[in-house]
Amino acid sequence: MSNGYKYDLLVLGGGMAGLPVAMKCAYSGMKTALVEEDLLGGTCLNRGCIPTKTMLRSAEVANLARRSEEFGIDIDGAIEADMDAIVQRKDDIVESIREGACENVESNENIDFIEGHGVFASAHEIQVDNQTLSADTIVINTGARPTKPQIDGLDDIDVQDSTDLLERDSVPDSLAVIGGGYVGCEYAQMYSRFGADVTVFQRGDRLLPDEDPDVSEVIESAFEDEGISVQTDAPVTALSKTDSGIRVDADADDPVSVTVSDVALAAGRTPNTDGLRLEDVGVSLDERGFVETDDSFSTTADGVYAIGDVSGPPMFTHSARDDADLLYRHLAKDESISTEGRTVPWAVFTDPQVGHAGLTEQEARDEGYEVGIGRQDFADQGKPKALGETEGFVKLVTDAETDELLGAHVVGEQGAEIVHELVLAIELGATAEQIAETMHIHPTLPESINSAAGGVHKPS
Ligand SMILES: Cc1cc2nc3c(=O)[nH]c(=O)nc-3n(C[C@H](O)[C@H](O)[C@H](O)COP(=O)(O)OP(=O)(O)OC[C@H]3O[C@@H](n4cnc5c(N)ncnc54)[C@H](O)[C@@H]3O)c2cc1C
């Protein structure tokens, strides 16, 4: 589009929030420009959720194959990961989804898709190469990238980030994963199951620090059972090359030092806001560089909104999509919107899986609730026994005064799937009694939810 044309809406970044908000607003008649410098679909589709879950499935198959005898099945020969085939399967799946997204954009006559790096020229203008695009409303959706932490020697080492780990053509002999959040944990288990000798270094005192401590304990014990070394309270301070590989030094009470063939970084995400000239046009950033927004995605500049990862936590695809849906309703339908009070669940796709909704027990206590707890271990239930997956539990946190569900924490087989009825229960204000009285199918994993809810009223 040539200089001088004014769009109704300009969206900078075609990720999991930018793409749907552009599509929906364009369908409702707004003339929209969508600017993307890389691949449509952003992190989730190309470098995050879908590729990791696709490759984790390969790791799960390897693990089940190794356990086959437990289920009375003979498999002859070594179980080995063919990285070329694993990466190819992942690429094929990602490509098929991306093709669908591209077709939808191309066939939408109200969208101009502009490939290139956009920067703000003014609060209502984006410069892409030698074009200046203008609109009264601009949505920033530039996402985030892997953080490079301050570690001595890091720049001299060929470390791999979460994107590089999706493209490997061989399994590393040994891998140090720096970071024990969900990205670090998923990759640690994936590469351990592909055959690498894995050590996870975690700065804090447990893996998955956003989870209930009981959940972290189950994951740590599962990792140790699989031969993954977990180093907690162990911030990595230095990396150096040696004759036998890369030496990793961590500053624990008893300082830890290991030598590995490869190092992976999973130390958080940095927002893509540098170089956009945001502060020049009145868009304020917080101390970590995330765009400051209110509960309806407005930035400090009139008519400029920010959605998805670029505006800080929660940083998930489903929350980015929800942002997009809310903002569309505001921009195209003039509805008043707010993110206040929405339940943002999440999952960790380790094995056992983690499903998380609402408050942890500690968060509920910190907010002043008198808390009721119901817990059902999978080890005591029929379906987990039949599946051979007895690790984990369902833990429910209720307001003891009203019996309403405040939080739900599932760690175990299919934890990410079965938590959803509890997300709905929290959203609808259901009580533990109502959940306990709702018939659940036997034998299934969610029966544990039934039992955990029934246990809320019993003394612990
Ligand atoms: C390894 C990994 C695994 C993950 N797994 C999950 C998961 O299982 N479930 C889940 O919910 N979330 C997961 N996430 C998080 C999820 O990917 C993000 O929360 C989600 O992609 C955020 O969407 P977004 O639209 O905000 O940003 P993004 O998807 O990052 O999109 C931003 C887009 O903006 C473009 N861009 C940036 N700057 C410019 C510019 N100046 N000009 C033009 N274009 C620009 C980028 O190229 C990108 O396409 C994972 C993330 C990682 C890294």
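All ligand and atom numbering here is 1-based and tracks the order in the structure.
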Exercise for review: Verify the distance criterion only: is there a donor paired with an acceptor across the side chains of Asp92 and Gln88 at less than 3.5 Å?
Suggested key: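 Present: a donor and an acceptor within the cut-off.
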
Check your understanding: Cut-off 3.5 Å, side chains only: do Glu60 and Ser58 have a donor facing an acceptor?
Key ->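 Judged by distance alone, the side chains do not pair up.
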
Is the backbone of [Y] close enough, under 3.5 Å, to the side chain of [X] for a donor and an acceptor to pair up by distance?
{"X": "Glu125", "Y": "Ala135", "value": "no"}
{"X": "Thr52", "Y": "Gly48", "value": "yes"}
{"X": "Arg206", "Y": "Ser216", "value": "no"}
{"X": "Glu363", "Y": "Thr360", "value": "yes"}
{"X": "Thr300", "Y": "Ser284", "value": "yes"}

Review point. Cationic tip of Arg375 within the cone over Phe393's six-membered ring, i.e. under 6.0 Å and within 45° of the normal?
Key: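 Output yes; distance and angle both within limits.
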
By number and element, which atoms of ligand 1 are closer than 4.0 Å to a non-hydrogen atom of [X]?
{"X": "Gly116", "value": "42 (N), 43 (C)"}
{"X": "Gly42", "value": "29 (O), 31 (O), 48 (C), 49 (O)"}
{"X": "Asn141", "value": "24 (P), 25 (O), 26 (O), 32 (C), 33 (C), 34 (O)"}
{"X": "Leu12", "value": "42 (N), 43 (C)"}
{"X": "Asp38", "value": "47 (O)"}
{"X": "Leu39", "value": "49 (O)"}
{"X": "Leu276", "value": "41 (N)"}
{"X": "Gly308", "value": "26 (O)"}

What protein heavy atom is closest to [atom], reported as residue, atom name and distance in Å?
{"atom": "atom 30 (O) of ligand 1", "result": "Thr43 OG1, 2.5 Å"}
{"atom": "atom 18 (C) of ligand 1", "result": "Asp309 OD2, 3.3 Å"}
{"atom": "atom 6 (C) of ligand 1", "result": "Cys49 SG, 3.3 Å"}
{"atom": "atom 49 (O) of ligand 1", "result": "Glu36 OE1, 2.7 Å"}
{"atom": "atom 15 (C) of ligand 1", "result": "Tyr182 OH, 3.5 Å"}
{"atom": "atom 44 (N) of ligand 1", "result": "Glu37 N, 3.2 Å"}
{"atom": "atom 27 (O) of ligand 1", "result": "Gly143 CA, 3.5 Å"}
{"atom": "atom 16 (C) of ligand 1", "result": "Thr317 OG1, 3.5 Å"}

Check your understanding: Below 3.5 angstrom, do we get any N/O pair linking Cys44 and ligand 1?
Key ->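 Such a contact does occur with ligand 1.
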
**Study point:** N or O pair under 3.5 Å between Met16 and ligand 1
**Key:** yes

Heavy atom of [X], distance to ligand 1 below 4.0 Å:
{"X": "Leu166", "value": "no"}
{"X": "Arg145", "value": "no"}
{"X": "Glu186", "value": "no"}

Check your understanding: Aromatic rings His318 and Phe316: how do their planes relate, parallel, tilted or perpendicular, breaks at 30° and 60°?
Key ->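 Plane angle under 30°, so parallel.
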
Review point. So which bit of Trp346 gets within less than 4.0 Å of ligand 1, heavy atoms only: side chain, backbone, both or neither?
Key: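 The answer is neither.
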
Review point. After noting the C-alpha distance and the side-chain angles of Thr270 and Thr147, does the key distance pass the side chain to side chain donor-acceptor pair (under 3.5 Å) rule?
Key: CA-CA 5 Å; Thr270 297; Thr147 296; 2.7 Å; yes

With the threshold set at 4.0 Å, does a side-chain nitrogen-carboxylate oxygen contact exist between [X] and [Y]?
{"X": "Arg193", "Y": "Asp351", "answer": "yes"}
{"X": "Asp233", "Y": "Arg203", "answer": "no"}
{"X": "Arg67", "Y": "Glu389", "answer": "yes"}

